Amino acid sequence: MKVGIIGTGAVGSACAFALVLRGAAREVVLVDRTRERARAVANDMRYGGPLSPMLDIRDGDYKDLAGAALVMITAGVNEKTGGATDRGDAAGRLKLLAANRAIYQQIVPRIVEAAPDAVILAVTDPPDPLADIAREHARHERVLSTGTFLDSLRFRVHLAARLGVSPASVDAMVLGEHGTSQVYLWSTAQIGGLRALDALAQRNLPIEDVRAAIERDVRYANISIIEGNDASQYGIGMVSARIAEIVLRDEQAVIPIGAYNPLYGVTLSLPAVVGRQGAVRILDPAMSADERGALVRSAAALRSTLERSGNAAGDRRPSS
């Protein structure tokens, strides 16, 4: 029940805080290039620990990741620093790949040396191609991207707000890239067994306008948050903690998450069965022809980005 987190900036700290509040692990090790920062973050949370489920949080080095079941990588250049906050830029988060690729190439081998059996979770943007890079250097298949799990939750929240229901009552997913090419499965989105599109029609809402507004709000949610608070951190922290919980407990839970898909030759999000070994089975949900075509285009955008970055991880499978 041990989790490691690489990077204790805004996102890494949010991941750690969510782990503490959920009691998702018994031990959390924070690793940062600035040891003092990792120690400060760990101590700050440790002092509130008596109010949370039993958990030991501490700073450490890579060797202290030994025995970890899951290691999150949050280190890297963020969207604001990397200039990925322009709504008119179709590349979106993908423009951060060049800088963060080099960081992952340094970090991943050190994780594997210390914790060879751990699942690796790419949290840094852009998480999908970075998961492919991590997979190449880890030389195993237990690599995940946070993918569109958070986007799917955002989709549910915005759809629920239009329909006047709890987001927990909405069944809806976003697939493909965690980025501008993401795909919204409107064809299968439901509320209580009723198609979401039919529910919108019953409320006499302008369907096409609502669809466009929701997709815009979800696609650029991170930018809106950054404009107000400098970093989009809490939602992804909560999602990452939930993924850790699923892995540590071997829940075999089905969630939309980034995993390498040989059909598309790249890491992208589809619903997958997740447990102690990572994504153990990828599901192929029903979708419209337009949605299928959009998913193919999303995969192509990810492959193209990897190829331009000089990485061929999507074209080959690593040895076990």
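This chain uses plain numbering: 1 for the first residue, then up along the sequence. What you see is a predicted model, and the numbers here were worked out from it, not measured in a lab.
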Q: Only pairs at least two apart or in different chains count here, so list each salt bridge (Lys or Arg N to Asp or Glu O under 4.0 Å) that has a residue in residues 267-295.
A: D284-R292
Q | Residues which pass side chain to side chain contact (heavy atoms under 4.5 Å, CB included) with R39, listed by chain and number, not counting sequence neighbours | A | R35, E36, N43, D59
Q. Which residue pairs satisfy the salt bridge (Lys or Arg N to Asp or Glu O under 4.0 Å) criterion with at least one member in residues 160-176, sequence neighbours excluded?
A. R162-D217
Q.
Tell me whether S240 contacts the main-chain N or O of I236 through its side chain, where contact means a donor paired with an acceptor under 3.5 Å.
A. yes
Q. Apart from L159 itself, what residues make up its hydrophobic cluster when side-chain heavy atoms of I, L, V, M, F, W and Y under 4.5 Å apart count as a link, directly or indirectly?
A. F155, L163, V165, V170, V174, Y184, W186, I191, L197, L200, L205, I207, V210, I214, V218
Q: Show your reasoning for whether side chain to side chain contact (heavy atoms under 4.5 Å, CB included) applies to L144 and L70.
A: CA-CA 10 Å; L144 300 172; L70 180 139; 5.5 Å; no
(Q) Quick check: closest heavy atoms across G92 and T180, and the distance to 0.1 Å? (A) CA-CG2, 4.2 Å
Q) Between L295 and Y264, is any pair of side-chain heavy atoms under 4.5 Å apart? A) yes
Q. Quick one: NE2 on H137 to CD1 on I107, what's the gap to the nearest 0.5 Å?
A. 11.5 Å
Identify every side-chain donor-acceptor pair in residues 108-117 under 3.5 Å, counting partners at least two apart or on other chains, and give the distances.
none

Q. Q233: what forms a side-chain hydrogen bond (donor to acceptor under 3.5 Å, both in side chains) with it, not counting sequence neighbours?
A. none
Q. In this structure, are over 12 heavy atoms from other groups packed under 6.0 Å from M45 atom CE?
A. yes
**Q.** From CA spacing to verdict: side chain to side chain contact (heavy atoms under 4.5 Å, CB included), E141, R135
**A.** CA-CA 6 Å; E141 299 294 332; R135 177 176 159 272; 3.3 Å; yes
Q. Under a single-linkage definition using a 4.5 Å side-chain heavy-atom cutoff for Ile, Leu, Val, Met, Phe, Trp and Tyr, are V274 and L121 assigned to the same hydrophobic cluster?
A. yes
Q.
Does atom OH (Y220) have a neighbourhood of more than 12 heavy atoms from anything else shown, all under 6.0 Å?
A. yes
Q | Validation row: I5, L19 side chains within 4.5 angstrom (heavy atoms) | A | yes
(Q) Less than 4.5 Å apart, side chain to side chain, heavy atoms only: is that true for V3 and L248? (A) yes
(Q) Between P129 and V266, is there a side-chain heavy-atom distance shorter than 4.5 Å? (A) no
Q) Distance from L130 atom CG to Y104 atom OH, nearest 0.5 Å? A) 5.0 Å
Q | Heavy-atom pair with the smallest gap, counting every atom of G258 and D128 | A | CA-OD1, 4.3 Å
Q: Show your reasoning for whether side chain to side chain contact (heavy atoms under 4.5 Å, CB included) applies to L30 and I57.
A: CA-CA 8 Å; L30 306 182; I57 183 167; 4.1 Å; yes
**Q.** Cluster link L153 to I243, ILVMFWY, side chain under 4.5 Å
**A.** yes
Q) What heavy-atom pair brings L55 and A25 nearest, and what distance separates the two atoms? A) CD1-O, 3.1 Å
Q. Does N100 reach the main-chain N or O of V77 with its side chain, forming a donor-acceptor pair under 3.5 Å?
A. yes
**Q.** Sub-4.5 Å side-chain heavy-atom contact between I73 and I103
**A.** no
Q: Identify whether V20 and V247 are in the same connected component of the hydrophobic contact network (ILVMFWY, side-chain heavy atoms under 4.5 Å).
A: yes
Taking only distance into account, with no hydrogens and no angle test, what donor-acceptor pairs under 3.5 Å do side-chain atoms of residues 60-69 form with protein atoms, sequence neighbours excluded?
from, atom 1, to, atom 2, distance (Å)
D64, OD2, D61, N, 2.7

(Q) Going by the rule side-chain hydrogen bond (donor to acceptor under 3.5 Å, both in side chains), which residues pair with R242 if we only count those two or more places apart in sequence or in a different chain? (A) E245, E251
(Q) Return the CD to CE distance between Q182 and M173, rounded to the nearest 0.5 Å. (A) 13.5 Å
Q.
Could you check whether any side-chain heavy atom of H140 comes within less than 4.5 Å of a side-chain heavy atom of I120, counting everything from C-beta outward?
A. yes
Q. Same cluster for Y234 and I223 if Ile/Leu/Val/Met/Phe/Trp/Tyr side chains link at under 4.5 Å?
A. no
Q: Verify, without hydrogens or angle tests, whether S187 (side chain) and M287 (backbone) share a donor-acceptor contact under 3.5 angstrom.
A: no
Q | Closest non-hydrogen atom pair, Y260 against I282 | A | O-CD1, 3.4 Å
Q. Within the side chain of S304, is there an N or O that forms a donor-acceptor pair under 3.5 Å with the backbone of A300?
A. no
Q: Hey, could you give me the CD/CD1 distance between E79 and I225, rounded to the nearest 0.5 Å?
A: 9.5 Å
Q: Report yes if the side chains of V239 and V123 come closer than 4.5 Å at any heavy-atom pair, otherwise no.
A: no
**Q.** Connected via hydrophobic side-chain network under 4.5 Å: L263 and V183
**A.** yes
Q) To the nearest 0.5 Å, how far apart are CD in E136 and CZ in R101? A) 7.5 Å
Q. Can you list the residues that meet the side-chain hydrogen bond (donor to acceptor under 3.5 Å, both in side chains) rule with T81, with sequence neighbours excluded?
A. N78
Q: Under the side chain to side chain contact (heavy atoms under 4.5 Å, CB included) rule, what do R58 and R46 come out as? Steps first, then yes or no, please.
A: CA-CA 8 Å; R58 59 187 174 89; R46 187 161 58 88; 6.0 Å; no
Q.
Side chains of I6 and M72, heavy atoms from C-beta outward: is any pair under 4.5 Å?
A. no
Q. For the residue pair L94 and L302, what are the closest heavy atoms and their distance?
A. CD2-CD2, 4.0 Å
Q. Do any pairs count as a salt bridge (Lys or Arg N to Asp or Glu O under 4.0 Å) and have a residue in residues 218-232, sequence neighbours left out, and if so which ones?
A. K80-D230, R87-E227
Q. Is it true that a side-chain atom of S13 and a backbone atom of T8 form a donor plus acceptor pair closer than 3.5 Å?
A. yes
**Q.** Check: P167 main-chain N/O paired with R156 side-chain donor or acceptor under 3.5 Å
**A.** yes
Q) Counting N and O atoms only, with roles assigned by atom type, does the side chain of S269 sit under 3.5 Å from a partner on the main chain of T148, one being a donor and the other an acceptor? A) yes
Q.
For the backbone of G7 and the side chain of T74, can you confirm whether one donor and one acceptor N or O come within less than 3.5 Å of each other?
A. yes
Q: List for me each residue that meets side-chain hydrogen bond (donor to acceptor under 3.5 Å, both in side chains) alongside T85, sequence neighbours excluded, and say none if there are none.
A: none
**Q.** Approximate separation, where rounding is to 0.5 Å, of S232 OG and N222 CG
**A.** 6.0 Å
Q: Could you pull out all residues at least two apart from D198 that satisfy side chain to side chain contact (heavy atoms under 4.5 Å, CB included)?
A: L194, R195
Q: Might you point out which heavy atoms bring A131 and T267 nearest each other, and give the distance in Å?
A: CB-CG2, 4.0 Å
